[in-house]
Amino acid sequence: MSFLRRRSAATPAGPDFDVLAMDPGDWPGNLGAGLLPAPDGSCQGVFLRYDLFGGRGPAMIIGNLPEGSPARELTDDEVPFEVAQLLAALGHDEPVTVVEREDTPVMHEDNLLIVKRIKCSESRISCAQFDRSDGVLVTIASWDRPITDDLYALLKPLPAELFQQS
């Protein structure tokens with residue numbers, strides 16, 4: 001997967017890795033992006049929030065967390081960071097835990113991904129994760145929509161300019 005690599009830049013204005021997500025031009029709703037900064041100014045993750053509900057909350061959050069990101073450190077039943085962000089954005093304050101994890105092979109272009117499907121105690125949440133060849137963990141959390149294998153075909157690296165500071 002040659003496109004899944006770290007960008008080489010002296011002092012990046014955004015993340016120092018390619019962000020794999022759906023192109024905002026391909027999404028008919030609103031898009032928001034957030035960076036997780038570390039105390040040293042490095043980027044510890046990027047998450048993109050796709051909103052199809054007309055401002056009433058996101059339909060999907062896609063996160064990209066590099067190795068060493070504190071957001072990746074979870075207990076066995078703790079939901080991924082992106083699920084917690086999705087629930088907070090929706091105002092869902094009931095406790096939610098992970099009840100099952102299952103590895104599934106999925107094709108992405110000519111590459112085989114091992115996708116971890118995560119089942120949560122809140123049945124309206126769909127969640128899937130996979131590791132990229134550069135060690136970045138991609139997590140997709142969706143509300144009230146199943147994550148199908150077709151979704152992976154829409155994922156692509158986003159242009160670095162999207163994350164430049166102005």
Side-chain angles (χ1 to χ4, degrees), residues 1-27 29-53 55-93 95-98 101 108-109 111 113-116 118 120 125-143 147 151-152 154-166:
M1 288 199 226
S2 60
F3 65 88
L4 301 180
R5 78 256 178 231
R6 289 197 172 272
R7 281 200 283 266
S8 58
T11 51
D16 65 344
F17 52 90
D18 289 330
V19 175
L20 190 63
M22 290 187 299
D23 189 308
D26 295 343
W27 189 259
N30 300 326
L31 173 73
L35 301 177
L36 299 174
D40 66 359
S42 66
C43 181
Q44 293 298 303
V46 174
F47 62 96
L48 290 103
R49 175 178 148 162
Y50 298 90
D51 181 359
L52 273 182
F53 297 148
R56 292 178 284 134
M60 184 181 303
I61 293 183
I62 300 178
N64 290 253
L65 302 175
E67 291 175 329
S69 175
R72 288 176 69 157
E73 299 170 14
L74 303 171
T75 62
D76 285 342
D77 67 342
E78 191 176 2
V79 295
F81 171 81
E82 294 79 3
V83 171
Q85 290 293 308
L86 183 65
L87 292 169
L90 291 167
H92 188 283
D93 54 5
V96 176
T97 59
V98 171
R101 297 173 196 269
H108 180 263
E109 296 177 355
N111 302 294
L113 298 176
I114 302 301
V115 174
K116 185 176 298 298
I118 299 170
C120 297
I125 293 175
S126 294
C127 183
Q129 293 181 318
F130 61 90
D131 286 308
R132 296 182 352 196
S133 58
D134 63 354
V136 172
L137 176 68
V138 176
T139 303
I140 305 167
S142 174
W143 179 257
I147 297 172
L151 176 67
Y152 302 105
L154 300 174
L155 299 178
K156 58 186 107 177
L158 299 180
E161 299 78 44
L162 187 67
F163 303 101
Q164 297 294 320
Q165 294 177 344
S166 39

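Along the sequence shown, residues are numbered consecutively beginning with 1. Side chains are part of it too, since the values below use all heavy atoms of this structure and drop only hydrogens, waters and symmetry mates.
- Checked options Leu86, Ile140, Ile118; the residue passing with Pro80 is Ile118 (criterion: side chain to side chain contact (heavy atoms under 4.5 Å, CB included)).
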Side-chain atoms of residues 35-47: list all donor-acceptor pairs with protein atoms under 3.5 Å, sequence neighbours left out, distances to 0.1 Å.
| unit_1 | atom_1 | unit_2 | atom_2 | d |
| --- | --- | --- | --- | --- |
| Asp40 | OD1 | Ser42 | N | 2.9 |
| Asp40 | OD1 | Ser42 | OG | 2.7 |
| Ser42 | OG | Gln44 | NE2 | 3.3 |

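- Closest approach of Asp131 and Leu137 over heavy atoms only: OD1-CD1, 3.4 Å.
- Without hydrogens or angle criteria, Tyr50 side chain to Met22 main chain gives a donor-acceptor distance under 3.5 Å.
- At distances below 3.5 Å, at least one donor-acceptor pair connects side-chain atoms of Arg101 with backbone N or O atoms of Asp76.
- Nearest heavy-atom pair, Arg72 versus Gly135, reported as atom, atom and distance to 0.1 Å: NH1-O, 2.8 Å.
- Contact record, Leu155 with Leu20: C-CD1, 3.9 Å, taken as the closest heavy-atom pair.
- For Asp23, the side chain to side chain donor-acceptor pair (under 3.5 Å) test picks out no residue, with sequence neighbours left out.
- Atom CG in Asn64 sits 6.0 Å away from atom CZ in Phe17 (nearest 0.5 Å).
- When all heavy atoms of Ala89 and Arg49 are compared, the closest pair comes out as CB-NH1, 3.4 Å.
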Item to complete: Quick one: do Met60 and Ile147 satisfy side chain to side chain contact (heavy atoms under 4.5 Å, CB included)? Show the steps, please.
Response: CA-CA 10 Å; Met60 184 181 303; Ile147 297 172; 5.7 Å; no

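- Under a 3.5 Å cut-off, the side chain of Arg132 and the backbone N or O of Asp18 do form a donor-acceptor pair.
- For the pair Ala141 and Val83, the tightest heavy-atom approach, listed with the atom from each and the gap, is CB-CG2, 3.8 Å.
- Closest of all the heavy-atom pairs between Cys120 and Ile125 is SG-CG2, 4.1 Å.
- Residues Leu48 and Leu158 have side chains in contact (heavy-atom distance under 4.5 Å, counting atoms from C-beta outward).
- Between Tyr152 and Leu154, the closest side-chain pair of non-hydrogen atoms is not below 4.5 Å.
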